[in-house]
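Have a look at the structure below before the remarks.
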Amino acid sequence: MKPNIGIVNALIRLTLGFTLLSWTTSRLSRRPYKDSYIFLGLMGALKVAEGITRFCPLTYAYDSCQKHDEHEHHPNGNEEMYNPS
């Protein structure tokens, strides 16, 4: 697993993740029965983990999908014309 996001992006994810995590923690202390706060807390923890490891699974999936589409549509590197008629 090699990093696929930059340093600035990682710092932004850390900042937003810790902010979201602290906000949901304060809200959960007042209303512990709300499930939406638990979900938002998990999303904040995910952003913190992405910032620490500098690896985003969604970016990885998007990049690998783009590479797969390039090889599927242009195996020789040449664009082929398609005439639908």
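In what follows, residues are counted from 1 in the order of the sequence shown.
There is no path of hydrophobic side-chain contacts, each under 4.5 Å, that joins Leu21 to Leu46. Hydrophobic clustering (side-chain heavy atoms under 4.5 Å, transitive across Ile, Leu, Val, Met, Phe, Trp, Tyr) groups Leu20 together with Ile38. When the side chains of ILVMFWY residues are joined at heavy-atom separations under 4.5 Å, either directly or via intervening members, Val8 and Leu16 end up in a single hydrophobic cluster. Under the 4.5 Å side-chain heavy-atom criterion for Ile, Leu, Val, Met, Phe, Trp and Tyr, Val48 and Trp23 are members of distinct hydrophobic clusters. Linking Ile, Leu, Val, Met, Phe, Trp and Tyr whenever their side-chain heavy atoms come within less than 4.5 Å puts Phe39 and Tyr37 in one cluster.
The structure places CD1 of Ile12 at 12.0 Å from CD1 of Ile7, a figure rounded to the nearest 0.5 Å. The distance from atom CG of Leu28 to atom CG of Asp35, rounded to the nearest 0.5 Å, is 9.5 Å. The CZ atom of Arg27 sits 11.5 Å away from atom OG of Ser22, with the distance rounded to the nearest 0.5 Å.
Across Pro57 and Glu50, no two heavy atoms sit closer than the pair CD-OE2, 3.7 Å. A pairwise comparison of heavy atoms in Ala10 and Gly51 identifies CB-O, 3.5 Å as the closest pair.
Using the six-membered ring where Trp is involved, Phe55 and Tyr60 have ring planes that are tilted, between 30° and 60° apart.
Remark: side-chain polar atoms of Arg54 are paired, donor with acceptor, to backbone N or O of Ile5 under 3.5 angstrom.
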